[in-house]
Amino acid sequence: MISDRRSNRPRAAKVFARLGVCFFCFSKGRLRHPSFGGRTLWLGIIIVLLVTASTSIAKDSAVRDRERNSISLALEFSRRKPDSFQRIISFLERQPNAYATGFFVGPRLVLTAYHVVSGELADAKKMLLGFEKSDELEVKVFAFGCQARLLGVDKEADLALLEVCTASENSFLPSFQSTIIKDEKLLLIARPHGERVLGYGTFFGTYNFNGIDYWSARIAGRDGFSGSPLYNEHGELVGVFSGYDWSQKLAVISPAARAQKLIADFSPGSKP
């Protein structure tokens, strides 16, 4: 296959070429300088294009950084009080039977949804995993092949903070967005079962659940999204994916302020 070298030119150069931007112009076979007004116009266009390109590059870089922070969590559900036979079967079939998402908020700290680590499942999901409706379940959470340690939870806000065995080279304490406006653009970064999923949507408004004010967004949801971070266009954490209201087609989000408090309360070095 023949490669067109022109297709390898930087994006900004392609834009300039299409617009016919130049610092010198030809007229009647002679090289002449453009007028002062012309130079000013072209210079203004170039500056706008460069600013736009640099902004786009910065946003792409922020997205990549945050993508690397999201990880897949393997979940191993089992009966809380199994009988002898169930214990043997559970040992023989020991393997993850569900997945969720978490994301680094420190070198070994991972934030996710509380219901991911609680063992509390709806009856339909219990039966889907081969359990009875009456079964009380517990769950072990694994990341990077090791069982994660639960550091702290905020049950009301559906948040949990874990410690994992592998540190992320790119981990950082995220900046948090405390206020948000309707229709603000949002980015969700999920890792269900190791997949890489980016979801784009908009903020919708507040969402009251069990007396707690959550947020909601017009964004797609599916199994494995629980615990996924949602960011605004500036890379600030808006909240954590908690669930999905299929009747209204709304993603339910635990606000960033609650996540910020949980991290501050249970991070190493925090005051007792």
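Just so it is clear, the structure is predicted and the values come from calculations on it, not from any experiment. All residue numbers in this chain count up from 1 along the given sequence.
The number of heavy-atom neighbours closer than 6.0 Å to NZ of K133, taken from other residues, nucleotides and ligands shown, is 12 or below. Annotation: R196, atom CZ; neighbour count of heavy atoms from other residues, nucleotides and ligands within 6.0 Å does not exceed 12. For E156, the CD atom is loosely surrounded, since the number of other residues' heavy atoms within 6.0 Å does not exceed 12. Within a 6.0 Å sphere centred on CZ of F176, heavy atoms belonging to other residues, nucleotides or ligands number more than 12.
Annotation for T101 and P192: closest pair OG1-N, 3.8 Å, computed over non-hydrogen atoms. Of all the heavy atoms in T112 and G227, the pair that sits closest is OG1-CA, 3.5 Å. Taking each heavy atom of A160 and L150 in turn, the nearest pair found is CB-CD1, 4.1 Å. The two residues R258 and I212 have their closest heavy-atom pair at NH1-CG2, 4.3 Å. Between N97 and L129, the shortest heavy-atom contact is O-CD2, 3.1 Å. Residues L151 and F266 approach most closely at O-CD2, 3.4 Å, considering heavy atoms.
Note on E120 versus K125: no salt bridge recorded, every NZ/NE/NH1/NH2 to OD/OE distance being 4.0 Å or above.
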- Task: Apply side-chain contact (heavy atoms from CB on, under 4.5 Å) to L73 and I71, showing your working.
- Result: CA-CA 6 Å; L73 299 177; I71 63 171; 4.0 Å; yes
- Task: Under the side-chain contact (heavy atoms from CB on, under 4.5 Å) rule, what do L198 and I189 come out as? Steps first, then yes or no, please.
- Result: CA-CA 5 Å; L198 298 182; I189 304 178; 3.8 Å; yes
- Task: Starting from the C-alpha separation in whole Å, work towards a yes-or-no answer on side-chain hydrogen bond (donor to acceptor under 3.5 Å, both in side chains) for D158 and S254.
- Result: CA-CA 7 Å; D158 193 27; S254 181; over 6 Å; no
- Message: Walk me through whether K126 and E132 qualify under side-chain contact (heavy atoms from CB on, under 4.5 Å).
- Response: CA-CA 6 Å; K126 286 183 181 179; E132 300 294 332; over 6 Å; no
- Task: Under the side-chain hydrogen bond (donor to acceptor under 3.5 Å, both in side chains) rule, what do Q147 and E76 come out as? Steps first, then yes or no, please.
- Result: CA-CA 10 Å; Q147 185 174 348; E76 185 182 299; over 6 Å; no
- Message: Walk me through whether Q177 and E184 qualify under side-chain contact (heavy atoms from CB on, under 4.5 Å).
- Response: CA-CA 12 Å; Q177 178 169 346; E184 186 166 345; 3.2 Å; yes
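Between the D245 side chain and the K249 main chain, no donor and acceptor come within less than 3.5 Å of each other. Under the 3.5 Å distance criterion, the side-chain polar atoms of R108 are matched with a main-chain donor or acceptor of C165. A distance-only check finds a donor-acceptor pair linking the side chain of S72 to the backbone of R191 [under 3.5 Å]. In terms of modelled atom types and a separation under 3.5 Å, the side chain of N232 and the main chain of H234 share a donor-acceptor contact.
The hydrophobic cluster around L188 extends to I180, L186, V197, F203, W215, I219, F225, L230, V238, F241, Y244, W246, I253, counting ILVMFWY residues whose side-chain heavy atoms fall within less than 4.5 Å of a member.
For the residue pair D213/T206, the side-chain donor-acceptor check at 3.5 Å is not satisfied.
The aromatic rings of F103 and Y231 sit perpendicular to each other, their planes meeting at more than 60°, with 30° as the lower class boundary.
Under the 4.5 Å side-chain contact rule for hydrophobic residues, L237 and Y214 do not share a cluster.
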